[in-house]
Amino acid sequence: MGMTMTEKILAAHAGLDEVRPGQLINAKVDFVLGNDITAPVAIEEFRKLGLERVFDPERIILVPDHFTPAKDIKSAEQAKILRDFAREYGIKHYFEIGRVGIEHCLLPEQGLVAPGELIIGADSHTCTYGALGAFATGVGSTDMAAAMATGELWFKVPETILFNYYGHLQPWVGGKDLILYAIGDIGVDGARYMAMEFTGEAIAELSLDGRFTMANMAIEAGGKNGIFAPDAKALAYLEGRVKRPYKIYTSDPDAEYAQVKEYDAGKIAPQVAFPHLPENVKPVTEVGEILIDQVVIGSCTNGRLEDLRVAARLLQGKKVHPEVRLIVIPGTQEIYLQALREGLIEIFIEAGAAVSTPTCGPCLGGHMGILARGERALSTTNRNFVGRMGHPESEVYLAGPAVAAASAVRGRIAAPEEVL
Amino acid sequence: MLIRGRAHRFGDDIDTDAIIPARYLNTSDPAELARHCMEDADPQFTSKIHPGDIIVAGKNFGCGSSREHAPIAIKAAGLSAVIAHSFARIFYRNAINIGLPILESPEAAARIQDGDEVLVEVEEGVIRNLTRGETYDIIPFPPFMQELMTAGGLMSYVARKVGKNV
């Protein structure tokens with residue numbers, strides 16, 4: 001019996017020839033990640049062990065990205081815990097303000113993710129890195145502390161659902177639409193504890209940025225990880241970023257899948273998820289008249305260069321609706337700089353958008369665009385739970401950057417074609 | 001272990017933003033987190049609960065963010081356990097790691113009503129509804145997780161492994 005790529009990576013890191021779904025294993029981790037919300041709890045737990053060193057100071061990554069640049073005194077104290085710990089334990093990959101980006105945009109860009117690696121992060125969207133053929137999953141702070149001490153962690157080998165997107169992508173359809181469509185189909189717990197493996201013609205057409213978006217939202221279907229077999233596009237992305245040797249794993253033809261989902265990409269239009277769950281999905285053509293107060297383009301889901309390019313194409317020469325606030329947040333400094341060089345930032349500012357330094361900020365209701373009672377936002381972020389972006393009586397609708405840009409211009413949720 | 005308390009019912013897909021909203025995550029102080037436990041699911045929740053009370057919920061409890069602040073807030077609020085139809089995986093790991101008893105029982109999740117008096121016999125794998133005189137089975141934990149819980153959570157287990165006493 002063959003194995004899926006997820007099973008192969010877990011087996012290799014557990015020193016086993018073979019693993020099966022449901023099996024509990026102890027596996028070595030290649031990288032351990034934490035941020036300014038989760039790492040302080042992990043650091044406190046780690047310090048209780050009284051160890052003089054972490055398992056490997058080059059394999060721990062600390063990214064203060066959530067409430068930074070510090071939004072208040074308490075947040076500044078939390079971020080300082082990471083800074084002090086990084087200095088004390090010689091953590092190589094600590095990213096200071098001005099160099100930091102949103103963690104899941106930053107790590108792949110910095111060459112900290114390679115195919116076949118096992119990465120854990122005390123952040124649920126760590127599953128993003130599966131776009132490069134790594135096994136990456138979100139854990140809690142105590143798990144992070146244990147892995148910082150030992151370089152290992154226990155895992156239950158997940159079953160895998162295979163998602164095959166055949167056919168060709170429609171205009172203005174990107175990774176966000178493909179993944180929202182799947183979540184709409186299987187529900188927010190449709191892949192609970194499972195691996196989500198993505199394949200098909202439309203996936204081959206999709207850019208790496210689009211694949212990061214898809215893997216990123218595996219958690220919104222309850223998934224343990226999202227994963228793609230690395231192809232020539234993935235290798236081109238890795239070129240010049242990852243210098244260490246790595247191994248590419250692909251699923252065997254006779255690998256066993258818990259389910260196989262077949263989607264005709266040619267029938268998938270831009271999608272919108274209604275409050276208050278990412279599974280409440282409709283095609284943008286069926287949303288009706290929904291007025292909005294704010295649009296956010298950014299986050300670990302859609303804060304990459306391609307997202308900004310798509311938004312800029314629709315915003316060029318146009319103005320943000322007078323009753324809408326558009327906030328654009330490039331995911332990293334590198335993305336920001338490239339967007340600046342390409343003239344995208346100029347397009348956003350001339351359209352009347354606010355452009356922010358990289359931060360998770362508004363996505364989780366932290367800062368940089370909190371909603372008041374009764375306000376409604378259309379956002380390229382990943383969650384539309386009650387109170388996610390501010391007041392518990394505010395609302396968040398999720399979509400990709402094309403729908404977001406069009407909606408910012410029209411003042412209501414709009415299809416991209418409406419502003420061309 | 002015996003757990004006894006009054007039930008507080010919630011629905012399906014209770015996410016970690018509802019359990020502890022991110023606006024309070026600029027601290028990890030358990031007492032402060034406890035004051036906002038379940039705030040966006042029920043703003044009056046913390047004024048209704050008594051020490052030892054139990055949360056009973058539907059499917060996929062704890063979905064969303066990986067914030068360990070969620071089980072910490074529930075534990076620090078004095079709640080003794082969460083019974084649900086099913087749990088989201090990161091919440092499940094986090095609860096076991098910090099020693100918050102979580103019990104999977106679709107039967108109990110469907111039958112227990114708000115305010116019912118509930119007794120959980122953890123080792124026996126049974127939940128008794130004292131108000132209604134009913135008994136429900138608990139889906140047992142895998143042996144490794146039982147071992148982890150007996151060891152006093154993940155960090156005690158790790159401390160033994162690295163040769164330190166915590």
Side-chain angles (χ1 to χ4, degrees), chain A residues 22 24 37-38 40-42 44-46 48-51 66-67 71-75 77-78 121-126 137-146 149-150 152 154 156 158 187-189 192-193 219-220 222-224 276-277 279 363-366 370 383 385-388 390 392, chain B residues 12-19 21-30 32 39-41 43 58-61 63-72 85-99 142-145 148 153-159 161-166:
Chain A
L24 286 161
I37 291 182
T38 60
V41 179
E44 191 183 337
E45 287 300 316
F46 177 85
K48 285 183 198 161
L49 290 171
L51 296 174
H66 276 58
F67 291 166
K71 75 181 179 95
D72 53 30
I73 294 168
K74 282 180 173 176
S75 302
E77 302 285 351
Q78 297 286 99
D123 187 279
S124 62
H125 293 108
T126 302
T137 192
V139 296
S141 298
T142 301
D143 279 324
M144 182 189 173
T150 65
E152 296 176 357
W154 67 269
K156 187 166 88 172
V188 292
D189 68 342
R192 203 168 54 89
Y193 284 84
I219 180 69
E220 309 319 331
K224 181 169 194 150
H276 289 288
L277 285 175
E279 71 184 22
C363 172
L364 74 161
I370 306 303
R383 290 184 177 137
F385 300 150
V386 171
R388 174 72 180 181
Chain B
D12 290 338
D13 303 313
I14 296 295
D15 60 77
T16 52
D17 280 271
I19 299 169
R23 57 187 176 273
Y24 305 119
L25 295 187
N26 56 4
T27 177
S28 47
D29 173 30
E32 212 172 317
E39 188 170 299
D40 282 1
K59 71 172 178 77
N60 203 27
F61 185 86
C63 62
S65 144
S66 69
R67 62 190 71 159
E68 205 160 291
H69 310 67
I72 291 172
H85 178 99
S86 60
F87 292 92
R89 67 161 272 282
I90 306 177
F91 183 90
Y92 181 93
R93 284 186 84 105
N94 287 348
I96 290 172
N97 286 344
I98 68 153
F144 171 73
M145 270 168 250
L148 213 57
L154 183 65
M155 290 317 279
S156 310
Y157 182 83
V158 168
K161 210 161 164 179
V162 298
K164 300 265 181 177
N165 287 316
V166 180

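This structure is a prediction, so every number in the text was calculated from the model and none was measured. By convention in this document, chain letters (A, B, ...) are assigned in the order of the sequence lines, proteins followed by strands, and residues within each chain are numbered from 1.
- Among all heavy-atom pairs drawn from Phe87(B) and Arg192(A), the shortest one is O-NH1, 2.7 Å.
- Across every non-hydrogen atom of Ser66(B) and Thr38(A), the tightest pair is OG-CG2, 4.1 Å.
- Only the side chain of Leu277(A) comes within contact range of chain B, judged by heavy atoms closer than 4.5 Å.
- A search for side chain to side chain donor-acceptor pair (under 3.5 Å) contacts involving Asp123(A) returns Asn35(A), His66(A), His104(A), not counting sequence neighbours.
- Per-residue counts of heavy-atom pairs under 4.5 Å with chain A were compared for Ala88(B), Ser65(B), Pro21(B); the largest is that of Ser65(B).
- In this structure, the side chains of Arg383(A) and His125(A) come closer than 4.5 Å at one or more pairs of heavy atoms.
- When each of Asp40(B), Asp15(B), Thr16(B) is scored by its heavy-atom pairs under 4.5 Å with chain A, the top score falls to Asp15(B).
- Only the side chain of Asn94(B) comes within less than 4.5 Å of a heavy atom in chain A; its backbone stays farther off.
- Per-residue heavy-atom pair counts under 4.5 Å with chain B were compared for Gly365(A), Gly121(A), Ala146(A), Gly187(A), and the maximum is reached by Ala146(A).
- No other option in Thr150(A), Asp143(A), Val41(A), Val139(A) has as many heavy-atom pairs under 4.5 Å with chain B as Asp143(A).
- Between the side chains of Thr137(A) and Arg89(B), at least one donor-acceptor pair of N or O atoms lies under 3.5 Å.
- Checked by atom type, the side-chain pair Glu45(A)/Ser141(A) shows no donor-acceptor distance below 3.5 Å.
- For a residue to count as touching a neighbouring chain, one of its non-hydrogen atoms must lie under 4.5 Å from one of that chain's; by this rule Leu24(A) touches chain B with the side chain only.
- Of the two parts of Pro142(B), only the side chain, counted from C-beta on, holds a non-hydrogen atom closer than 4.5 Å to a non-hydrogen atom of chain A.
- Of all the listed residues (Pro43(B), Gly64(B), Ala70(B)), the one sharing the greatest number of non-hydrogen pairs under 4.5 Å with chain A is Gly64(B).
- Closest approach of Ala42(A) and Ala145(A) over heavy atoms only: O-CB, 3.4 Å.
- With respect to chain A, the highest number of heavy-atom pairs below 4.5 Å among Ala41(B), Ala18(B), Ser28(B), Gly153(B) belongs to Ser28(B).
- When each of Ile37(A), Val386(A), Ile219(A) is checked for heavy-atom pairs under 4.5 Å with chain B, Ile37(A) comes out on top.
- If you measure heavy-atom distances from Ile90(B) to chain A, the contacts under 4.5 Å come from the side chain alone.
- Side chain of Ser86(B) to main chain of Asn60(B): a donor-acceptor pair is present (N/O by atom type, distance under 3.5 Å, no hydrogens or angles).
- Only the side chain of Glu152(A) comes within less than 4.5 Å of a heavy atom of chain B; its backbone N, CA, C and O stay farther away.
- Residues forming a side-chain contact (heavy atoms from CB on, under 4.5 Å) with Ser75(A) (at least two apart in sequence, or on another chain): Phe67(A), Lys71(A), Asp72(A), Asn26(B).
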